[in-house]
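Structure, as structure tokens:
To find a chain, count down the sequence lines: A is the first, B the second, and so on, and within it residues start at 1. This is a predicted model, so every value here is computed, not measured.
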Amino acid sequence: MLRMSNLFLRTLRDDPSDAEVASHRLLVRAGYIRRAAPGGFTWLPLGWIVYRNVERIVREEMDAAGFQEVHFPALLPKEPYEATNRWVEYGENLFRLQDRHGNDFLLAPTHEEMFTLLVKGLYGSYKDLPLTIYQIQTKFRDEARPRAGLLRGREFVMKDSYSFDVDDAGLQRSYDLHREVYIKTFERLGLPTVIVSAMSGAMGGSASEEFLTPLEVGEDTYVRCSSCDYAANTEAVNVPAPPTVPIDGLPAAQVVDTPNTPTIQTLVDHLNAHPELARSDHAWEAADTMKNVIVKLRYPDGSTAPLAIGVPGNREVDTKRLEAQVAPAEVEAFDEADFAANPALVKGYIGPGALGSDGSSGIRFLVDPRIVEGTRWVTGANQPGKHVIDLTYGRDFTADGVIEAAEVIAGDACPNCGEPVEIARGIEMGHIFKLGRKYAESLGLTVQDENGKQVTVTMGSYGIGVSRAVAALAETNSDESGLCWPREVAPADVHLLIAGKEGGPQRPAAEDLAAQLEAAGCRVLFDDREGVSPGVRFKDAELIGVPTIVVVGRGITDGVVEVKDRRTGDRCDVPIGDVVAHINSLS
RNA sequence: CGGGAUGUGGCGCAGCCUGGUAGCGCACCUGCUUUGGGAGCAGGGGGUCGGGAGUUCGAAUCUCCCCAUCCCGACCA
């Protein structure tokens, strides 16, 4: 039983000034967590109970699936990460440090290398596989900007599992099993999730899916089809290419004067104001133009290279989508100095003639998938104040390749069925993906097959944000008054409080009831503090968010107590002798 | 990485412009009263004023550097 008279807890009346999102605000205010470092939090007793409940559920589901738990150090040597090149590729998000001898270490952001090496050291036969092992461990990422409390810290707890199979069919089975286990785990946690196709990011590998909890404060944007079951992180959306158009008979490209057209809109207006430039089929619109955006890619080794991206003029370049495409390189702005170094680029009037391996600047030029043979565009003519119209792909220009970097807009056609898509935000709670043989190859993990031949093992990697799940649960289970936890993760089943004069019958009755509830297996948070006004007790109960609140108050003279549902606010009087049975019927 | 704001007891804030004994509310301690919706009165304890350097007889306050937190931007040709 948790007695508030001696529980290490102090609730706050005011919101902490640095807390923005609900989960952060309420977890701090209700005394669950406390900031200890930039992006790092201390768990207080109530918070630690909730955290362990979440961890327990995750562990139970892993174990039930037959996965086995191991535990690695968080502090790791550099060498395995050099073998896979991640010491460099992981970039600035990797915490690197040195010991007293000057040897390099890292604080692990994830443990692919170590799991691979562990299996390599112990197993050598196809008969040992399949195998899935996991750990629940603190991970470190030197986030550029930790924010939103527990939702995005620099230190957090993750459950990560890894599957090992001899062949692709085995990997598929391991992957599918994990997918099922995750669905069940999030259901049990009471966290709504959407499964979306994803990019595999810094881990490498191929197919991958994310489990996102829909949340406005989330940092992932995903699309969902209004009609079919397609859902994908915007980073992973593949825009379908339109059919090509026969080039015969298309109007010739012509360079036209377009003074004072610094933006796409002014350009479109200018064209429409000049009938001699009119198109035969429709009035000019932004989607008929192509804008060429120049960025600078910075590679992990520090080198940089410019990149030109051609997208339809009605769309912006989505930096996240772009970065997902060029990873591990990072995207930087192409600044004045860069323009100065590339005199072939006429700012505001950049066109394909200056771009690509065959262009005057030689800058690598990639275009949106919508730009296919026979499509014609209005775009820069590489001279101040001039654009070119009817510039046709495959006849007048070509690019070095295709890139998925244009933003996805609500209403775009679903890549699967063509119906309009919706756009929503969410936070990544889980990620499953097929690593394939990348790590096994770089680290030499092979087993002998039936024929005595060495074959490279194929792997899957699967993560759940355990500490983040606590924040996501707080985020999705709260109101103006405070938190309201799902029962299985709540710090207690019942918040029992006394509302009555000290010295009256309420305290002894509440003590008695607390003991009975506990004897019946109920987890009780008992507000037995003295000299605290009833208002404070009620406010604290609502803030703390235990699912059922039992008030021993004035009804006690009639032998009844009040049982209140924290979430709905529904309350009813229950004879004190029936409370235990009543509570048990709730869960 | 850029711009802006902020940093003063556990939490929320004032004081800074115009340098001179560090303040308020909540929380905490003592006493009395109060007890079904963040009680009242009285009396207390607690702060290297983010850090460092400088100016000055004297710095929370002025100057410089650094650090941290929050917000906005990171591209839109």
Side-chain angles (χ1 to χ4, degrees), chain A residues 8-21 24-25 28-31 34-40 42 44 92 144-149 258 261-267 286 289-296 298 307-323 330-336 338-339 345-351 354-355 378-382 384-385 387 405-407 481-482 497-504 506-507 527 529-543 549 551-556 561-562 564 569 571:
Chain A
F8 185 51
L9 168 76
R10 190 118 299 157
T11 56
L12 304 178
R13 191 178 294 215
D14 299 311
D15 286 333
S17 65
D18 60 350
E20 195 65 19
V21 302
H24 185 192
R25 224 172 50 227
V28 170
R29 203 148 86 76
R34 203 167 167 81
R35 198 191 92 97
T42 306
L44 302 181
E92 294 193 310
R145 189 173 149 194
R147 66 184 105 180
T258 53
T261 55
T263 65
I264 292 291
Q265 191 53 52
T266 53
L267 172 61
T289 70
M290 177 178 75
K291 63 183 173 196
N292 301 295
V293 178
I294 317 286
V295 297
K296 195 161 57 175
R298 179 172 296 277
L307 173 67
I309 300 147
V311 296
N314 61 330
R315 287 170 198 272
E316 308 301 346
V317 167
D318 180 328
T319 310
K320 275 195 155 179
R321 269 166 63 72
L322 175 57
E323 288 200 315
E330 290 178 359
V331 175
E332 293 180 4
F334 198 76
D335 58 28
E336 294 300 333
D338 296 313
F339 271 105
L345 300 178
V346 182
K347 210 178 169 190
Y349 299 92
I350 300 168
L355 304 172
V378 180
T379 189
N382 300 305
H387 282 83
E407 65 179 336
S481 310
L497 67 86
I498 300 170
K501 281 188 187 168
E502 212 50 63
Q506 283 86 2
R507 178 172 289 270
D527 189 349
R529 293 174 294 180
E530 291 183 24
V532 175
S533 73
V536 173
R537 295 182 201 274
F538 285 117
K539 290 288 184 195
D540 276 349
E542 277 151 17
L543 182 58
I549 299 169
V551 183
V552 181
R554 56 168 94 89
I556 198 65
V561 300
E562 184 179 296
K564 187 171 158 187
R571 53 177 83 184

**Report entry** Whole-angstrom distance between B/C67 and B/C49, as gauged at atom C1'
**Finding:** 16 Å
Report task. Indicate, with a heavy-atom threshold strictly under 4.0 Å, whether A/Ile294 touches base, sugar-phosphate, or nothing. Result -> base
Query - Distance-only donor-acceptor test, A/Asp15 side-chain atoms vs B/G12 base atoms, 3.5 Å - result: no
Report summary line: Mate of B/U30 across any strand shown (Watson-Crick or G-U wobble, both atom pairs under 3.5 Å) is B/A42
Query raised in the report: Taking the same atom, P, in B/G58 and in B/G19, what whole-Å distance lies between them?
Result: 15 Å
Report task. Could you check which of B/A68, B/G38, B/A39 has an atom nearest any side-chain atom of A/Thr11? Result -> B/G38
Query raised in the report: Mind checking who B/C64 pairs with, Watson-Crick or G-U wobble, both distances under 3.5 Å?
Result: B/G52
Report task. Check whether any side-chain nitrogen or oxygen of A/Lys501 sits under 4.0 Å from OP1 or OP2 of B/U35, and answer yes or no. Result -> yes
Query raised in the report: On a whole-Å scale, what distance lies between the C1' atoms belonging to B/C13 and B/A60?
Result: 15 Å
Query raised in the report: B/G9 and B/A27: how far apart are their C1' atoms, nearest whole angstrom?
Result: 11 Å
Requested in this report: Determine the Euclidean distance between corresponding C1' atoms of B/G46 and B/C29; express it in Å to zero decimal places.
Outcome: 10 Å
Query raised in the report: Of the nucleotides B/C70, B/G38, B/A68, which one has an atom closest to the side chain of A/Glu20?
Result: B/C70
Query raised in the report: For B/G10, does either OP1 or OP2 sit under 4.0 Å from a side-chain N or O belonging to A/Arg34?
Result: no
Query raised in the report: Taking a pair as Watson-Crick or G-U wobble with both distances under 3.5 Å, which nucleotide is matched to B/A74?
Result: none
**Report entry** B/G7 to B/G50 separation - C1' atoms, rounded to the nearest Å
**Finding:** 6 Å
Report task. Check whether any side-chain heavy atom of A/Arg10 sits under 4.5 Å from a side-chain heavy atom of A/Arg34, and report yes or no. Result -> no
Query - Minimum-distance nucleotide to A/Pro16 side chain [options: B/C70, B/G36, B/C11] - result: B/C11
**Report entry** Closest to the A/Asp14 side chain, choosing from B/C26, B/G25, B/A77
**Finding:** B/G25
Query raised in the report: Taking the same atom, P, in B/C72 and in B/C28, what whole-Å distance lies between them?
Result: 35 Å
Query - Proximal nucleotide (of B/G38, B/G12, B/G36) relative to the A/Arg571 side chain - result: B/G36
Query raised in the report: Rounded to the Å, how far apart are A/Asp18 CG and B/G50 C1'?
Result: 14 Å
Report task. Provide the Watson-Crick or G-U wobble partner of B/C57, both distances under 3.5 Å; none if there is no partner. Result -> B/G20
Query - Whole-Å distance separating the CD1 atom of A/Ile350 from the C1' atom of B/C75 - result: 12 Å
Report summary line: Rounded to whole Å, the CD-P distance (A/Glu407 to B/A74) equals 12 Å
Requested in this report: Please measure how far the P atom in B/U30 lies from the corresponding atom in B/C57, and state the result in whole Å.
Outcome: 48 Å
Query raised in the report: Looking at B/A39, B/C26, B/G36, which one has an atom nearest to any side-chain atom of A/Ser533?
Result: B/A39
Requested in this report: Under the side chain to side chain contact (heavy atoms under 4.5 Å, CB included) rule, collect the residues that match up with A/Glu20, sequence neighbours excluded.
Outcome: none
Query - Pair A/Arg507 + A/Glu502, salt bridge at N-O below 4.0 Å - result: yes
Report task. Rounded to the nearest angstrom, tell me the gap between atom CZ in A/Arg10 and atom P in B/G38. Result -> 20 Å
**Report entry** Sugar-phosphate only, base, or nothing, as touched by A/Lys564 at under 4.0 Å among non-hydrogen atoms
**Finding:** base
**Report entry** A/Val551 side chain near A/Arg571 side chain, heavy-atom distance below 4.5 Å
**Finding:** no
Query raised in the report: Would you say the side chain of A/Arg537 lies within less than 4.5 Å of the side chain of A/Arg529, judging by non-hydrogen atoms?
Result: yes
Report task. Answer whether the closest heavy-atom distance between the side chains of A/Thr11 and A/Val536 falls below 4.5 Å. Result -> no
Requested in this report: Could you let me know what B/A14 is paired to, Watson-Crick or G-U wobble, both distances under 3.5 Å, or none if it's on its own?
Outcome: none
Query raised in the report: Out of B/U69, B/G36, B/A77, which nucleotide sits closest to the side chain of A/Pro534?
Result: B/G36
Report task. Please determine, for the side chain of A/Val317, which listed nucleotide (B/A68, B/C75, B/A39) has the closest atom? Result -> B/C75
**Report entry** Presence of A/Ser17 side-chain N/O under 4.0 Å of B/C13 phosphate oxygens OP1/OP2
**Finding:** yes
Query raised in the report: Is there a donor on the side chain of A/Arg25 or the base of B/G12 sitting less than 3.5 Å from an acceptor on the other?
Result: no
